[in-house]
Number of protein chains: 2
Amino acid sequence: MPDEKRPSFAGNITADDVAAEAGVSRWTVNRAFRKEASISPKSLEKVRVAAERLGYVPDLRAASLSSDRTNLVALLIDDFANPHKLVMMERLTRILRREGWDILLVNTLDRDDAGHALTNASQRRVDAVILIGIQFDDDVLDAALHARRFRKLIIFARTSRNPNTISIAVDDVRAMKEIANYVHERGYRRPLFLAGPRTSSAHLLRKETFVDYWREHFGSEPETVAVAAYDPALAAAIVEETLSGRAVSELPDIVVCENDALAIGATDVIRHKLKLRIPEDIAITGFDDVPEAESANYRLTTYRQPLTDMAEYLVEVLGSAEDRDFDRLFSGKLMVRDSA
Amino acid sequence: MPDEKRPSFAGNITADDVAAEAGVSRWTVNRAFRKEASISPKSLEKVRVAAERLGYVPDLRAASLSSDRTNLVALLIDDFANPHKLVMMERLTRILRREGWDILLVNTLDRDDAGHALTNASQRRVDAVILIGIQFDDDVLDAALHARRFRKLIIFARTSRNPNTISIAVDDVRAMKEIANYVHERGYRRPLFLAGPRTSSAHLLRKETFVDYWREHFGSEPETVAVAAYDPALAAAIVEETLSGRAVSELPDIVVCENDALAIGATDVIRHKLKLRIPEDIAITGFDDVPEAESANYRLTTYRQPLTDMAEYLVEVLGSAEDRDFDRLFSGKLMVRDSA
DNA sequence: GCAATTTTTGCTCACGGGAGCAAGCGCGTT
DNA sequence: AACGCGCTTGCTCCCGTGAGCAAAAATTGC
């Protein structure tokens, strides 16, 4: 039993224990685990050996209590039906962790729940809150900001007009103009715009931009339909309901989708329910460039958000102590594939 | 300026401030936020009003420091290319949060990183660690258990032979026997088993079960191929490499996939590269029942894991103070659709 | 070799709340 | 009116670390 002298649950090993083992003071032990602290090489080594033997790691709760920094950010998410969420989470968690940030993940069930989620995060004293959901409207944001519980409230991959909020997003207007222009130049003339749910804050300007473009260039209003969530299954149901039974001449020649989740649902229904070909009968465009978009099945023409750049800017913002306007728009890239 | 008397960042409002405002002692304020504490209705009301005015919420870091419970669990994940991960995360986060657990999300980059991820979690003094990744082999688990830093180490949706670990998973043997039996009875005779990466711990017994079944019933070894990750794109590449150029008589009549991620990749490549029909030319089965499996595009015959039941059992385990064997296997349901 | 620095170390106090104890209070009983 | 009981309340001590200061030790210059 080589482990006999070790306690059965090492969670309660403290710096004092290590100090006794190493023959130094408790504060020297703490310093050994703080990189900016000054400590002699041989104390450091003694502490390391003792800590290793006892299985000690510093308690970040206590550290944050006195330093007033938790190195923890809350990530509030909803809209789990959208496959792009998985990509965003992967990118954010990877880059945040690389830079030393831990993540508190909160699944925000609905609009009412958002307030609770924010309270929850504030009880953990997170250094910042990142919203990548859709159910955060102005009421919720105002409530959070009114309570002044967060140093930084960051809206990721979505713009916000709220001045106390930091928005890191792709330039929707520019991106959608590029898509609209592509659609135009490829000769499509009867577009259907498939939009997602409308939220009062955290706007996407995609639909407005596309409609404006079309009106400006053709003097006509394109048809638009809204889906209640970014869910391929819901999108499929709405598209089927909208298009089935129409004469060929009444069908759109392209479905411009607010994002890939909708585009995937639209593709499936057009192929398998309406029995039409893509892009020959109806073309499709998306937005986000989720992994599925590149698959042999979808070959979706879409717009890639520079998620890595955005996430890296995010950690830069998190690390900054200044109090300036951090809002920033990024440009992505139109990925032309076979669907349009 | 109605807010003038409020500080600009309310994170530092403490129970003392509320106590002064409410005219009670600090401990009465704390009690007002602890449900099992005894406090008179009128003190409670005074405290609530004062707390509301100041924007106070208790600091869980401090609370956990003295109570020795964080109400925080770490969720270690990798394998983000697998769409099933999104479903699991949604289910776990929703149910854990409903029961009062917060979640520390850690993206485990690779095998070497798993150790760091565990250390990280232990520094936050999480009450438990949940692994839903694939890159946790016995070395990593042994290291974590050896350090004895966690009260509970739970492997979710995957079995483990490690006795110090709690495994909450679907009964792979039973499930795969059901699939194999279905494949058999539907008359398929030339199966190709598409397997995922082999890990030393956190085993799936799917491939072994299928191979055993086939050997037992037909005396022959079915063909098997392994993919390095549960990634549809990788699966597509491997299937294409394996099957392209084969004579029709040499093609499998069904591809039995270890999970839906692989099945999706296989479907795409069979349809769009090999130009074959599903299920007429080659049938397909999956495992997990991801949302895509139900779409008009895939109509995938697959096995649904009872994720909600599993997650609810998980919170039961988390809440239990006993020290017994919590391992449990669940049974799911074969979802017969059009792909096989 | 000695004084002047510089680095290292130990210490006090603080972070914000929980456990548990003892005093205070209200109230019914004798 | 005195007593006993139970609920509230305030208090001391403690959780495990960081900031910042003063003492101690190591290093430098001459």
Side-chain angles (χ1 to χ4, degrees), chain A residues 7 9-48 50-51 54-72 100 102 122-127 149, chain B residues 7 9-48 50-51 54-72 122-127 149:
Chain A
F9 170 60
N12 51 349
I13 293 286
T14 171
D16 278 316
D17 303 326
V18 179
E21 176 87 12
V24 297
S25 74
R26 179 165 79 66
W27 299 275
T28 300
V29 173
N30 292 338
R31 270 188 272 260
F33 287 91
R34 227 178 314 149
K35 55 192 304 192
E36 70 290 7
S38 121
I39 185 174
S40 69
K42 64 172 179 295
S43 302
L44 182 63
E45 185 54 24
K46 280 195 292 186
V47 171
R48 284 219 182 290
L54 297 177
Y56 167 80
V57 286
D59 185 329
L60 289 183
R61 299 170 302 172
S64 77
L65 243 195
S66 68
S67 74
D68 201 35
R69 296 200 64 225
T70 53
N71 269 295
L72 186 68
D102 283 341
S122 83
Q123 291 197 237
R124 300 270 176 199
R125 301 293 190 263
V126 297
D127 288 331
R149 283 198 289 241
Chain B
F9 170 61
N12 50 349
I13 294 286
T14 172
D16 279 316
D17 303 325
V18 179
E21 176 86 13
V24 299
S25 72
R26 178 165 79 67
W27 300 276
T28 300
V29 174
N30 292 338
R31 269 188 274 258
F33 287 90
R34 224 179 317 149
K35 54 191 304 193
E36 69 289 5
S38 118
I39 185 172
S40 71
K42 65 172 177 297
S43 301
L44 182 62
E45 185 55 23
K46 280 194 292 186
V47 171
R48 284 218 183 289
L54 298 177
Y56 168 80
V57 287
D59 186 329
L60 289 183
R61 299 170 302 172
S64 78
L65 244 195
S66 66
S67 74
D68 202 34
R69 295 200 65 224
T70 52
N71 269 295
L72 186 67
S122 82
Q123 292 196 234
R124 300 269 176 200
R125 299 297 190 261
V126 297
D127 288 332
R149 283 198 289 241

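First the proteins, then the strands, lettered A, B, ... as listed; each starts at 1.
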How many whole angstroms separate atom CZ of R26(B) from atom P of dG16(C)? 10 Å
Scan side-chain atoms only and decide if S64(A) and R61(B) contain a donor-acceptor pair under the 3.5 Å cut-off. yes
Could you check whether S38(A) gets within reach of a base, just the sugar-phosphate, or nothing at all, counting any heavy atom under 4.0 Å? base
By nearest atom, which of the nucleotides dA19(D), dA19(C), dG10(C) is closest to the S25(A) side chain? dG10(C)
Extract all donor-acceptor atom pairs below 3.5 Å that involve side chains of residues 36-47 of chain A and protein atoms in other chains or at least two apart in sequence.
| from | atom 1 | to | atom 2 | distance (Å) |
| --- | --- | --- | --- | --- |
| S40(A) | OG | S43(A) | N | 3.3 |
| S40(A) | OG | S43(A) | OG | 2.8 |

Calculate the interatomic distance between E36(B) atom CD and dG18(C) atom P; express it in whole Å. 9 Å
Look at the side chain of T28(A) and decide which nucleotide, out of dT9(C), dG10(D), dG16(C), has an atom nearest to it. dT9(C)
Quick one: D59(A) CG to dG18(D) P, roughly how many Å, whole number? 9 Å
Whole-Å gap separating C1' (dT17(D)) and CZ (R125(B)): 11 Å
Output the rounded distance in Å from NZ (K46(A)) to C1' (dG10(C)). 13 Å
Spacing of T70(A) atom OG1 and L60(A) atom CG [to the nearest 0.5 Å]: 9.5 Å
For A15(A) and for P41(B), find the nucleotide of DNA chain D with the closest heavy atom, then tell me which residue's nucleotide is more 5'. P41(B)
Separation of atom CG in D68(B) from atom P in dA19(C), rounded to whole Å: 11 Å
Just checking S64(B): base, sugar-phosphate only, or nothing, at a heavy-atom cut-off of under 4.0 Å? nothing
Closest listed nucleotide, where the reference is the side chain of S66(B) and the choices are dG17(C), dG10(D), dG18(D): dG17(C)
Given atom CZ of R69(B) and atom C1' of dG17(C), what is their separation to the nearest angstrom? 16 Å
Select one nucleotide: of dA19(D), dG16(C), dG10(D), the one nearest the side-chain heavy atoms of S67(A). dA19(D)
Comparing W27(A) with I39(A), nearest DNA chain C nucleotide closer to 5' gives the residue I39(A)
Here the pair of heavy atoms bringing R69(A) nearest to D127(A) is CA-OD1, 3.8 Å
When you measure from the side chain of S40(B), which nucleotide among dT8(D), dG10(C), dT17(D) comes out closest? dT8(D)
Looking at every strand, decide which applies to R31(A) at a 4.0 Å heavy-atom threshold: base, sugar-phosphate, or nothing. base
